[in-house]
Visitor: 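Have a look at this one before I ask anything.
What's counted below: heavy atoms across the whole structure, side chains too, no hydrogens, waters or symmetry copies. In listed order, ligands and their atoms are each counted from 1.
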Amino acid sequence: MSTDLEAARAHVAEQVKVDLFTLTQDEDNKRGMQEVSRSFLSDTITVPTPEMYSYASKASVGDDVYHEPCTLALEAHMAKITGKEAALFIPSGTMSNQIALRTHLKQPPYAVLCDHRSHIVRYEAGGLAFHSGAHAQMVIPSNGHHITLEDVEGEIVLGQDIHSCPTEVISLENTLNGTIFPQDEIVRISEYAHRIGVKMHLDGARIWHVAAETGKPLTELLAPFDSVSLCFSKGLGAPIGSCLVGPKEYIKKARWFRKMFGGGMRQTGFMAASAAYALTHNFPRLPAVHELTRKLEAGLVEIGVEITSSAETCMVFFDPSPIGVTYLEIIERANQLPEPLKLGGSRLVVHIQTSPQAVEDFLTVVRTLAEEKKTAGFAPLEKKSTPNGRPYGNIYVRGVKREAH
Ligand SMILES: Cc1ncc(COP(=O)(O)O)c(C=O)c1O
């Protein structure tokens with residue numbers, strides 16, 4: 001080989017190589033971890049721990065497009081605990097929902113009926129229209145909490161009228177904004193849907209929280225659905241991954257769509273192992289997360305803040321206007337703390353890495369601002385109510401005003 005070629009190769013290698021770590025990588029990570037423990041933005045920010053990585057480092061090797069042992073084992077486990085025939089590991093919750101719906105929808109025209117606040121229509125970049133060419137029939141829950149069979153019956157489109165777009169799938173979300181969908185209402189909707197030949201999908205990104213809070217097994221919670229998407233990367237604290245479960249033939253087709261969507265991955269063993277670690281070690285921690293969320297809510301109530309969506313699992317929505325304080329004032333004050341708190345706005349999310357101290361510090365910020373306003377002469381506002389007695393804030397938060405997701 002000529003020395004010129006050798007030199008050229010060495011030059012290219014020099015250009016290609018990279019070290020991503022800073023000189024203070026360990027310190028930076030410690031700070032990052034500290035920030036996560038003081039962030040109420042989302043549970044998607046939870047980070048893998050050394051213990052999780054240590055378990056994941058022993059994962060099997062293999063290319064998942066040709067079937068990878070740990071990933072297959074995780075899929076088999078997921079099928080078993082959800083009571084479905086088969087499961088498919090998918091990189092994200094968005095892709096999992098979109099593949100799920102694409103696999104159900106075969107011959108247009110067709111529509112998917114869902115709550116108007118659903119992730120599938122609000123936060124998946126219009127994927128339903130793009131990937132499936134489907135129309136969305138968005139339902140506003142008449143009770144302000146969850147859609148009912150009567151809400152569904154009011155919006156569903158059936159029949160042969162060629163002007164109409166028939167409902168082919170009903171897609172529910174549980175939890176939605178951290179609230180638990182009553183199981184008896186899910187069963188009512190599902191029995192009706194199946195009677196008229198409409199399929200049922202669940203965005204169960206946070207169904208773990210329902211199982212942890214109610215003690216109901218996943219098999220029971222998911223029995224009313226033909227397909228379910230579950231996420232490992234949110235409340236459970238895995239770095240990546242979701243799972244779609246359903247009938248064998250359906251999952252076989254979904255595997256095909258996963259490839260088409262660009263979601264056929266290669267060495268996924270460490271991802272599956274991280275998810276397994278999260279199921280084993282983090283799922284049992286969710287009741288404590290919910291307890292901390294309720295503590296946060298109780299503190300806000302005591303200060304006089306309005307709760308617009310109660311802490312049923314890991315989220316609470318609030319409105320500080322009754323104490324004369326704005327979201328911006330809270331965000332700015334929290335940001336000025338020696339150890340700042342990260343906040344979005346009306347939504348507070350608690351997760352397995354939230355420190356109880358962060359909750360105390362947040363409440364101190366809100367309490368201090370309330371006292372300052374009182375001293376400056378602000379008289380606390382009357383609680384606002386709608387004609388049906390629900391606070392206005394409920395409608396505001398449960399409407400389009402959700403910030404992060
Ligand atoms: C209810 C719900 N479904 C689906 C998703 C999408 O998950 P991903 O961010 O993995 O695409 C999210 C994301 O937070 C979510 O909150």
Visitor: With heavy atoms of Ala205 as the reference, note each atom of ligand 1 found under 4.0 Å away.
Guide: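 In order of numbering, the contacting atoms are 1 (C), 2 (C), 3 (N).
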Visitor: For the residue pair His290 and Glu213, confirm or rule out a side-chain donor-acceptor distance under 3.5 Å.
Guide: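 Looking only at side-chain atoms, Glu213 and His290 do form a donor-acceptor pair, the distance falling under 3.5 Å.
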Visitor: Determine, considering heavy atoms only, which of Lys234, Met95, Arg122 sits nearest to atom 7 (O) of ligand 1.
Guide: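 Answer by nearest heavy atom: Lys234.
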Visitor: Taking distance alone, with N or O pairs closer than 3.5 Å, would you say Ser233 contacts ligand 1?
Guide: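 The answer is no, given that Ser233 and ligand 1 share no N or O pair closer than 3.5 Å.
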Visitor: So, Glu312 and Thr175: side-chain donor and acceptor under 3.5 Å apart, yes or no?
Guide: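 On atom types as modelled, these side chains do not qualify, holding no pair under 3.5 Å.
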Visitor: Need the ligand 1 atom indices (1-based, order shown) with element for anything under 4.0 Å from a heavy-atom of Ser92.
Guide: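 Atoms satisfying the 4.0 Å criterion: 10 (O), 11 (O).
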Visitor: Under 3.5 Å between some N or O of ligand 1 and some N or O of Thr94?
Guide: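 Indeed, backbone or side chain, Thr94 has an N or O that close.
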Visitor: Can you sort out which atoms of ligand 1 are near Gly93, meaning under 4.0 Å from one of its heavy atoms?
Guide: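 The list of qualifying atoms is 6 (C), 7 (O), 8 (P), 10 (O), 11 (O).
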Visitor: If you measure from atom 15 (C) of ligand 1 to every heavy atom of His119, Arg117, Gln98, which option wins on shortest distance?
Guide: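 Heavy atom nearest to atom 15 (C) of ligand 1 belongs to His119.
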Visitor: In chain order, what residues pass the ring pair (Phe, Tyr, Trp, His ring centres under 6.0 Å) check against Phe181, with sequence neighbours excluded?
Guide: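 Applying ring pair (Phe, Tyr, Trp, His ring centres under 6.0 Å) to Phe181 gives His146.
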Visitor: Looking at Glu173, which atoms of ligand 1 are within less than 4.0 Å of one of its heavy atoms?
Guide: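 Once the distances to Glu173 are compared, the set is 1 (C).
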Visitor: Show the atoms of ligand 1 that are less than 4.0 angstrom away from any heavy atom in Arg206.
Guide: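 Those of ligand 1 that fall under 4.0 Å from Arg206 are 1 (C), 14 (O), 15 (C), 16 (O).
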Visitor: Answer yes if the side chains of Ser118 and Asp115 hold a donor-acceptor pair under 3.5 Å, and no otherwise.
Guide: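 Judged by distance alone, the side chains do not pair up.
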Visitor: If you measure every N or O of Glu124 against every N or O of ligand 1, does any of those distances drop under 3.5 Å?
Guide: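 No; the residue has no nitrogen or oxygen that sits under 3.5 Å from a nitrogen or oxygen of the ligand.
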Visitor: Using the side-chain contact (heavy atoms from CB on, under 4.5 Å) criterion, which residues pair with Arg266? Sequence neighbours excluded.
Guide: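 In terms of side-chain contact (heavy atoms from CB on, under 4.5 Å), with neighbours along the sequence ignored, Arg266 is linked to Asp63, Val65, Tyr66, Lys259.
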Visitor: Determine the sole option in Lys84, His104, His194, Lys199 for which the side-chain hydrogen bond (donor to acceptor under 3.5 Å, both in side chains) test with Asp226 is passed.
Guide: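 In the set Lys84, His104, His194, Lys199, the residue that makes a side-chain hydrogen bond (donor to acceptor under 3.5 Å, both in side chains) with Asp226 is His194.
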Visitor: Are His116 and Pro141 side-chain neighbours, meaning at least one heavy-atom pair lies under 4.5 Å?
Guide: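 They are in contact (side-chain heavy atoms under 4.5 Å apart), so the answer is yes.
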